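Have a look at the structure below before the remarks.
Keep in mind it's a predicted model, so treat the numbers as computed, not measured. Chain letters run A, B, ... following the sequence lines, proteins first, then strands; residues in each count from 1.
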Amino acid sequence: MTVRTRYAPSPTGALHIGNVRSGLFAYLFARHNGGAFILRIDDTDRERSTRESLDEILESLTWLGVDWDEGPPDARYFQSNRFDRYREAALQLLREGKAYPCYCTAAELDAMRKQAERERRKPGYDGRCRDRTPPAELAKIDLPDKRAGRDYTIRFRSPREGITVVDDLIKGRAVFENAELDDLIIFRSDGVPTYNFATVLDDADFKMTHIVRGDDHLPNTPRQMQIFYALGFEPPAYAHLPMVMGPDGQKLSKRHGATSVFAYRDLGYFPEALLNYLVRLGWSHGDQEIFSRAEMIEYFDFANCGKSAGIFNAEKLLWLNFHYMKSLPLARLVRDIKPFVARRGGTIPGDDAWLEKMIATLRERAKTLVELVDFASFYLNDEIAIEPKAAAKFLKPEIAPALAALAGEIASIDSADFAEASIQAGFARVLDRFAMKLGQLAQPVRVALTGGTVSPGIYEVIAVLGRDRTVRRLRAAESACTVAAS
RNA sequence: GGUCCCAUCGUCUAGUGGUUAGGACACCGGCCUCUCACGUCGGGAACGCGGGUUCGACUCCCGCUGGGAUCACCA
């Protein structure tokens, strides 16, 4: 039997990284087994579902490179297009006496819950409408339709005796008393099926073999299995992944700051880094930390998934991003950095080959693309601002002659020969003439060229900056020294 | 509160009855050095508690404690 897994996000908000990790694991399991990965859109809640969220989900997965074999844009993979099927199945259950209409109003239900809570009983539905409709009438019951005056809900008649066993691929065996499962609503009074019902029917119709999802769904599982049975299907295998928590130990949510895939993309993270981070949160392969997509697929299995929740560690993600910053091909970085430069309204004073050289000097100093562009501003902009503190410390009158001399040396280098070696030779002559150590000259030059005291190696900076801009900045710094003196 | 899940350094984890309990992030220190980084070398840091089982438990069982999830006409 070929493995078929699915990822079924609902388009009611951004694609959350805790959530997308479940999708990733489902994806890896399918790919590892040469099976199919299906993307399904759970949009039964038409009030909250938006086109923007759908686009964000699709774009996020594409950016991450998590590709699906079946799913959008194929209309069949949207729950909102399957209402006829849900109605048919619900009617079937009604006819067979496996479901029944419930006439309790939302307000009544709410009151019942509060009452149960006061009396410290379990807050579930007590089943008061379970036998209200005689079996003979059940087959004649129609689905809810408010406009036709049928504003009741349809509940699933859950078995009250026995047990339901979930043999989870990750958590092991969990046994539930059926008496604990109340009769859940499968059709709302507005004629819309609920999640637990639609999901089961989809998983059955699309022949899912393995349900991979967060363990917050574990309590739902016995109910869903019972619906599978009632519908005449065999439940799939389950793999419940532990949750991803925020630093405070609570389920990761928006209030923990950046949590969406888009947020990390816009912060200058690489999809490789995000994927690598996510795959190691709850899964391991010995001591290995760095995984290519091919390796993830090759090694992934549930046996090496942990059972306990993990706390999202932004610093480790940052380190991974840094790792990819240092090791991705320069051509790729050139491509990736452009939108970030554009976003700052900057222009690029060179071609891709020049950009590569620039990035090469910066990549081991920047952990994200945003940082990279920040550091690159002295390369990218014609005008630089000199930090006052740096100027006060390094651009003193005494250094002016040496700066002038260096400007002359640099200016005299033939453009065909303009590289680190010739630049270093120019430095050596100035150092010799003024009897200075490199350290005494490098810092003032650094301030003159970059505006600050921190930068890549000074020869590299000059090589990338180019002769003319270097000379111009050197001369400007020289006069700044003189002005400060007078 | 009921039900279910979970428990190794601060964090992510390796470990599957006998190990000086390993790695990674973060942190601290040395080296390298034109600054900052990178790199490199080294350091501190963990088996929640109590009972069993066993010649021997981080590993198996039970209890406790702690943490989490879930109990919607949301998904």
Rounded to whole angstroms, how far apart are CD on A:E289 and P on B:rG23? 12 Å
Do A:R446 and A:Q443 meet the criterion of a side-chain donor-acceptor pair at a distance under 3.5 Å? yes
What integer distance in Å separates A:H285:NE2 from B:rG15:P? 10 Å
How would you label the contact of A:L281 with the nucleic acid (heavy atoms, under 4.0 Å): base, sugar-phosphate, or nothing? sugar-phosphate
If you look at every strand shown and take non-hydrogen atoms under 4.0 Å, does A:V175 touch a base, only sugar-phosphate, or nothing? sugar-phosphate
Please name the nucleotide paired to B:rC49 by Watson-Crick or G-U wobble geometry with both distances under 3.5 Å, or report none. B:rG63
B:rU59 and B:rU53, which share atom name P, separated by this distance in whole Å: 15 Å
Can a donor-acceptor pair be found between the side chains of A:T199 and A:Q224 at a distance below 3.5 Å? no
Could you state the CG-P distance from A:N321 to B:rA26, rounded to the nearest angstrom? 13 Å
B:rG30 to B:rC49 separation - C1' atoms, rounded to the nearest Å: 41 Å
Rounding to an integer number of angstrom, what distance separates B:rG29 and B:rA37 when you compare their P atoms? 12 Å
What is the pairing partner of B:rC71, taking Watson-Crick or G-U wobble pairs with both distances under 3.5 Å in any strand? B:rG1
May I ask you to say what A:K316 touches in the nucleic acid, namely base, sugar-phosphate or nothing, with a heavy-atom cut-off under 4.0 Å? base
5'-most by nearest nucleotide on RNA chain B - A:W319 or A:F312: A:F312
Of B:rC6, B:rG22, B:rU11, the nucleotide closest to the side chain of A:I311 is B:rU11
Reading 5' to 3' through nucleotides 64-75 of chain B, protein heavy-atom contacts under 4.0 Å coded B for base, S for sugar-phosphate only, - for none: ----SSSBSBBB
Looking at A:F25, is A:R21 sitting on its ring face, NZ or CZ under 6.0 Å from the six-membered ring centre and within 45 degrees of the normal? yes
Which base, if any, makes a Watson-Crick or G-U wobble pair with B:rC25, both distances under 3.5 Å? B:rG10
Using a heavy-atom cut-off of 4.0 Å across all strands, would you classify A:R173 as base, sugar-phosphate, or nothing? sugar-phosphate
Per-nucleotide protein contact string for nucleotides 36-48 of chain B (B base, S sugar-phosphate only, - none; heavy atom under 4.0 Å): BBSS---------
Starting from C1' on B:rU13, measure out to OH on A:Y277 and report it in whole angstrom. 11 Å
Please state the P separation for the pair B:rC64 and B:rC4 - nearest whole angstrom. 13 Å
Any donor-acceptor N or O pair under 3.5 Å, side chains A:Y195, A:S10: no
Which sits closer to the 5' end of RNA chain B, A:E315 or A:G286, going by the nucleotide each is nearest to? A:G286
From B:rA26, B:rC34, B:rU13, pick the nucleotide closest to the side chain of A:S284? B:rU13
Residues that A:S49 engages under side-chain hydrogen bond (donor to acceptor under 3.5 Å, both in side chains), provided they are two or more places apart: none
Rounded to whole Å, please give me the gap between CD1 in A:I462 and C1' in B:rU35. 14 Å
Mind checking the C1' distance from B:rA45 to B:rG10? Whole angstroms is fine. 9 Å
Base, sugar-phosphate or nothing for A:G282? Non-hydrogen atoms, less than 4.0 Å. sugar-phosphate
Under a 3.5 Å limit on both distances, the Watson-Crick or wobble mate of B:rU20 is none
What integer distance in Å separates A:K114:NZ from B:rG1:C1'? 17 Å
Taking the ring centre of each residue, are A:H256 and A:F312 less than 6.0 Å apart? no
Quote, to the nearest angstrom, the C1' distance that separates B:rC74 from B:rG22. 44 Å
What's the NZ-P distance between A:K122 and B:rU3, to the nearest Å? 9 Å
Side-chain donor-acceptor pair under 3.5 Å between A:T221 and A:R213, yes or no? yes
Can you tell me, in whole Å, how much space there is between the P of B:rC55 and that of B:rU13? 36 Å
Under 3.5 Å, is there a donor-acceptor pair linking the side chains of A:D43 and A:S80? yes
Taking the six-membered ring for Trp and the full ring for Phe, Tyr or His, determine whether the centres of A:F29 and A:F302 are under 6.0 Å apart. yes
What I want to check is whether the side chains of A:Y299 and A:N304 have a donor and an acceptor closer together than 3.5 Å. no
Pick one: which of A:R6, A:R76, A:R82, A:R85 meets side chain to side chain donor-acceptor pair (under 3.5 Å) with A:D202? A:R82
Suppose you measure atom P in B:rA14 against the same atom in B:rG48; what distance do you get, rounded to whole Å? 15 Å
So that I know where these two stand, are A:F206 and A:Y77 an aromatic pair - ring centroids less than 6.0 Å apart? yes
Interatomic distance where CZ belongs to A:R446 and P belongs to B:rU33 [whole Å]: 15 Å
Tell which nucleotide pairs with B:rC32, taking only Watson-Crick or G-U wobble pairs whose two distances are both under 3.5 angstrom. none
